[in-house]
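Residue numbers begin at 1 in each chain, while the letters A, B, ... track the order of the sequences. The model shown is predicted, which means the values in this text are computed figures rather than measured ones.
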Number of protein chains: 2
Amino acid sequence: MTKNTKFRTPDCGLTKVQQMLGGKWKLLLLWYLSEETRRFGEIRRCFPEITEAMLTKQLRELEQDKLIHREVFKVVPPRVEYSLTDLGSKFFPIIEAMYDWGEENLKN
Amino acid sequence: MTKNTKFRTPDCGLTKVQQMLGGKWKLLLLWYLSEETRRFGEIRRCFPEITEAMLTKQLRELEQDKLIHREVFKVVPPRVEYSLTDLGSKFFPIIEAMYDWGEENLKN
DNA sequence: CCGTATCCGGAATGATACTG
DNA sequence: CAGTATCATTCCGGATACGG
């Protein structure tokens, strides 16, 4: 017998994670938001390579997956803040582990 | 100042990890191979949803990234075995953490 | 300031047939 | 058994323009 027969269910945790974080920028965005709450404009300036449309899309997907929280302040000019949810925070150590592994093992 | 200014280098570890594991099946394949060395046919039977062409491609990419080792036995009929490299093994705890996080937090 | 709407190209993935 | 070769398709991400 093998150890990990559990892993082959169609909705196994790993499959879901892969789907949730498949977006090209999601890990980076989560990492950035883990530092502190950020306004939309801050995020945009920090990631100039992402177009606004794409940035909005990825943020909304992260919100739907309950990894980040989006708060709209009804003021003029508008103000929108993004922050990690508890769920997102719980995932953060994994992101750090991936970063560390990458830094340690993928030098060039 | 923010804590993680390091994370925004263009070739930061996290970006590389995302690129390496972006493939739709790579996490699952690594997980599967972490159990033990597998022959091509075994892998194919375990993942019937992946076409042969795609499976070959993803395995070769993992090999190029030095996460898995591919060994060809020159016999008839041919025999090819795949196994994790040391580098791949070092990444395994992260996969487990992702799996656990998914199982714990993404129940429907 | 913080978005949405629309269109588009190319990469990622898939289906099918064939081979040493 | 373990692949290649081709062709089709889907889908992610990008460019650009416009809106409350």
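To the nearest 0.5 Å, atoms CD (B/Q18) and CD1 (A/I95) are separated by 9.5 Å. Between atom CD of residue A/E42 and atom CZ of residue A/F47 there is a gap of 11.5 Å, rounded to the nearest 0.5 Å. In this structure, the separation between CD on A/Q19 and CG on B/L106 is 10.0 Å, given to the nearest 0.5 Å. Taken from CZ in A/R45 to CZ in A/R39, the straight-line distance is 8.5 Å, to the nearest 0.5 Å. Here CG of B/L21 is found 6.5 Å from CG of B/L30. Values are rounded to the nearest 0.5 Å. We find the OH-CZ distance between A/Y82 and A/R38 to be 14.5 Å, quoted to the nearest 0.5 Å.
The phosphate of D/dC1 (OP1 or OP2) has no side-chain N or O of B/R45 nearer than 4.0 angstrom. Between B/Y82 and D/dG3 there is a side-chain N or O to OP1 or OP2 distance below 4.0 Å. Between A/R39 and C/dC2 there is a side-chain N or O to OP1 or OP2 distance below 4.0 Å.
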Filtered N/O pairs between nucleotides 11-15 of chain D and protein, under 3.5 Å:
| from | atom 1 | to | atom 2 | distance (Å) |
| --- | --- | --- | --- | --- |
| D/dG13 | OP1 | A/K24 | N | 2.7 |
| D/dG13 | OP2 | A/Q58 | NE2 | 3.0 |

N/O to N/O distances under 3.5 Å, protein versus nucleotides 8-10 of chain D:
none

Show each protein N/O and nucleotides 17-20 of chain C N/O combination with a separation under 3.5 Å, one pair to a line.
none

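Of all heavy-atom pairs spanning A/A97 and B/I94, the tightest one is O-CD1, 3.5 Å. A/L28 and B/C12 get closest at one heavy-atom pair: CD1-SG, 4.4 Å. Among all heavy-atom pairs drawn from A/G102 and B/V17, the shortest one is CA-CG2, 4.0 Å.
Per the geometry, CD1 belonging to A/I43 stands 13 Å off C1' belonging to C/dC1, to the nearest Å. In this structure, the CG atom of B/L21 is 16 Å from the C1' atom of C/dA12, given to the nearest Å. Atoms CD (A/E81) and C1' (C/dG3) sit 16 Å apart, rounded to a whole Å.
Axis angle, first five pairs versus last five pairs of the helix from C/dC1-D/dG20 to C/dG20-D/dC1: 60°, rounded to 10°.
Among residues two or more places apart in sequence or in another chain, the side-chain contact (heavy atoms from CB on, under 4.5 Å) test is passed with B/T37 by B/E81, B/S83. Residues that satisfy the side-chain contact (heavy atoms from CB on, under 4.5 Å) test with B/V75, not counting sequence neighbours, are B/F73, B/R79. By the side-chain hydrogen bond (donor to acceptor under 3.5 Å, both in side chains) test, B/K90 pairs with A/N105, sequence neighbours left out. Every residue two or more places apart in sequence or in another chain that forms a side-chain contact (heavy atoms from CB on, under 4.5 Å) with B/T85 is listed here: B/H69, B/L87.
Shown for residues 68-75 of chain A: residues whose heavy atoms fall under 4.0 angstrom of DNA chain C, namely A/R70.
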List the atom pairs, donor and acceptor, that lie under 3.5 Å between side-chain atoms in residues 52-68 of chain B and the rest of the protein, sequence neighbours left out.
| from | atom 1 | to | atom 2 | distance (Å) |
| --- | --- | --- | --- | --- |
| B/E52 | OE2 | B/R44 | NE | 3.1 |
| B/T56 | OG1 | B/E52 | O | 3.0 |
| B/E61 | OE1 | B/K26 | NZ | 2.6 |

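No contact: B/R44 has no heavy atom under 4.0 Å from any strand.
With ring centers used as reference points, A/Y99 lies under 6.0 Å from A/W31.
Using a 4.5 Å heavy-atom threshold, the side chains of B/F91 and B/L27 count as touching.
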